[in-house]
Amino acid sequence: MIYLCRHSETEWNREGRLQGHKNSELTEHGRAQAFRMGRVLRRQIDNIEAFTLLCSPLTRTKQTAEIICDVIGRSYEEIRFDDRLKEISWGDWEGHTRTEIENKWPGIYDRRREDKWQFQPPNGESYALLSNRVEKWLADTSEDDKLIVVSHGAAGRAIRGVYCKMEEGAAIGLSEPQDAFFCLSKGDIQEIPVKI
């Protein structure tokens, strides 16, 4: 069983900047989201102390995981990090808004729209490569594992796409909420909203 969480809101989320592998701090709203996520996880999961905490090593996921730990009564030292849970790399686009990207690389979004699955930003990663990366991570898990995972928007979509054996490219259209998390169990996915 996997509880799959996306990191909470960051400064760059708020500004509309692509983050990829770069770091941006959580906003106050993001910290409140992470706190609520921890409360809902605590209510949702029986025997929560038996669950392993896994996290992307990027700052925003680490901060989210630490707040969750505070709420569920776990030590930060229990968090395990896995590079395969990192966000998609946007390469040279990281730190830029979509408008800035279009201005710096005119017409590049048109090329991306032609094949979002295989398209790679300059020095970045395609959704196909991201999907292969998270597929390797999922192959190392089993249905008997009990995991709370803090990852990212695109990475979370890719994980859910691989988990449900979706057609190539279908996961790109999935949602990536910061006010919900997902339970992956026995081949099914349930979205669990995070409310006050």
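We use all heavy atoms of the structure for the numbers below, so side chains are in, but hydrogens, waters and symmetry mates are not.
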Original post:
Once you round to the nearest 0.5 Å, how far does CG of Leu184 lie from CZ of Arg160?
Top reply: 8.0 Å
**OP:** Flag the pair Arg60 / Gln19 as yes when at least one side-chain heavy-atom distance between them is below 4.5 Å, and no otherwise.
**Re:** yes
**OP:** Please examine the side chains of Ile79 and Lys62, heavy atoms only from C-beta on, and report whether any two atoms are closer than 4.5 Å.
**Re:** no
Original post:
What is the distance from atom CG of Asn132 to atom CD of Glu125, rounded to the nearest 0.5 Å?
Top reply: 9.5 Å
Original post:
Are Thr61 and Leu85 close enough that some pair of their side-chain heavy atoms sits under 4.5 Å apart?
Top reply: no
**OP:** Could you tell me whether a side-chain N or O of Glu11 sits under 3.5 Å from a main-chain N or O of Ser24, the two making a donor and an acceptor?
**Re:** no
Original post:
CD of Gln63 to CD of Glu25: how many Å apart, nearest 0.5 Å?
Top reply: 4.5 Å
Original post:
Going hydrophobic residue to hydrophobic residue with side-chain gaps under 4.5 angstrom, can you get from Ile88 over to Ile172?
Top reply: yes
**OP:** Walk me through it: do Tyr163 and Leu4 pass the test side-chain contact (heavy atoms from CB on, under 4.5 Å)?
**Re:** CA-CA 12 Å; Tyr163 184 81; Leu4 178 61; over 6 Å; no
Original post:
Is there a donor-acceptor pair under 3.5 Å between the side chain of Arg80 and the backbone N or O of Leu54?
Top reply: no
Original post:
So does Arg42 have more than 12 non-hydrogen atoms from other groups sitting under 6.0 Å from CZ?
Top reply: yes
Subject >> CA sep, side-chain torsions, deciding dist, call: Ile101, Ile108, side-chain contact (heavy atoms from CB on, under 4.5 Å) >> reply: CA-CA 8 Å; Ile101 291 165; Ile108 202 160; 3.9 Å; yes
**OP:** Quick one: which residue pairs count as a ring pair (Phe, Tyr, Trp, His ring centres under 6.0 Å) with a foot in residues 115-143, not counting sequence neighbours?
**Re:** Trp93-Phe119
Under 3.5 Å, which donor-acceptor pairs do the side chains of residues 173-183 form with other protein atoms, sequence neighbours left out?
residue	atom	partner	partner atom	Å
Glu176	OE1	Ala154	N	3.3
Glu176	OE1	Arg157	NH1	2.4
Gln178	NE2	His7	O	3.3
Gln178	NE2	Ser8	O	3.3
Gln178	NE2	Asn13	OD1	2.8

Original post:
Is Ser89 close to Gln120 at the side-chain level, that is, under 4.5 Å between some pair of heavy atoms?
Top reply: no
Original post:
Taking a hydrophobic cluster as the set of Ile, Leu, Val, Met, Phe, Trp and Tyr residues connected by side-chain heavy atoms closer than 4.5 Å, whether directly or through intermediates, do Leu129 and Ile159 fall within one such cluster?
Top reply: no
Original post:
Given side chains that start at C-beta, do those of Val40 and Met37 come closer than 4.5 Å, heavy atoms only?
Top reply: no
Original post:
What do the steps show when you test Glu78 against Thr52 for side-chain contact (heavy atoms from CB on, under 4.5 Å), and what is the final call?
Top reply: CA-CA 8 Å; Glu78 294 182 63; Thr52 300; over 6 Å; no
Original post:
Side-chain contact, heavy-atom cut-off 4.5 Å: Glu15 with Thr97?
Top reply: no
Original post:
How about Glu143: does its CD atom have over 12 heavy atoms from other parts shown lying under 6.0 Å from it?
Top reply: yes
Subject >> From Arg39 atom CZ to Ile72 atom CD1, the distance as rounded to the nearest 0.5 Å >> reply: 14.0 Å
Original post:
Quick one: are Phe51 and Met1 in side-chain contact, heavy atoms under 4.5 Å?
Top reply: yes
**OP:** May I ask you to decide if Ser142's main-chain N or O and Asp145's side chain share a donor-acceptor pair within less than 3.5 Å?
**Re:** yes
Original post:
Taking all atoms of both residues into account, what is the closest heavy-atom pair of Ala171 and Gly161, and its distance?
Top reply: CB-CA, 3.9 Å
Subject >> Ile48-Ile68 co-clustered via ILVMFWY side chain contacts under 4.5 Å >> reply: yes
**OP:** Give the C-alpha distance, both sets of side-chain angles, the deciding distance and a yes or no for side-chain contact (heavy atoms from CB on, under 4.5 Å) between Ser56 and His152.
**Re:** CA-CA 8 Å; Ser56 156; His152 302 269; 2.8 Å; yes
Subject >> Connected via hydrophobic side-chain network under 4.5 Å: Val134 and Tyr3 >> reply: no
**OP:** Give a yes or no on whether a salt bridge exists between Glu9 and Arg14, defined as a side-chain N under 4.0 angstrom from a carboxylate O.
**Re:** yes
**OP:** Output yes when a side-chain donor or acceptor of Glu87 lies under 3.5 Å from a complementary backbone atom of Ser151, and no otherwise.
**Re:** no
Original post:
Out of curiosity, does Ile192 fall in the hydrophobic cluster containing Ile148 (side-chain heavy atoms, cut-off under 4.5 Å, transitive links)?
Top reply: yes
Original post:
Below 4.0 angstrom, N of the basic side chain to O of the carboxylate: do Asp140 and Arg84 qualify?
Top reply: yes
Subject >> Residues clustering with Leu26 (ILVMFWY side chains joined when closer than 4.5 Å, directly or via others) >> reply: Phe35, Ile67, Val71
**OP:** Determine the minimum heavy-atom distance between Cys164 and Gly187, stating which atoms define it.
**Re:** SG-O, 4.2 Å
Subject >> Close side-chain approach of Trp105 and Asp92, heavy atoms under 4.5 Å >> reply: yes
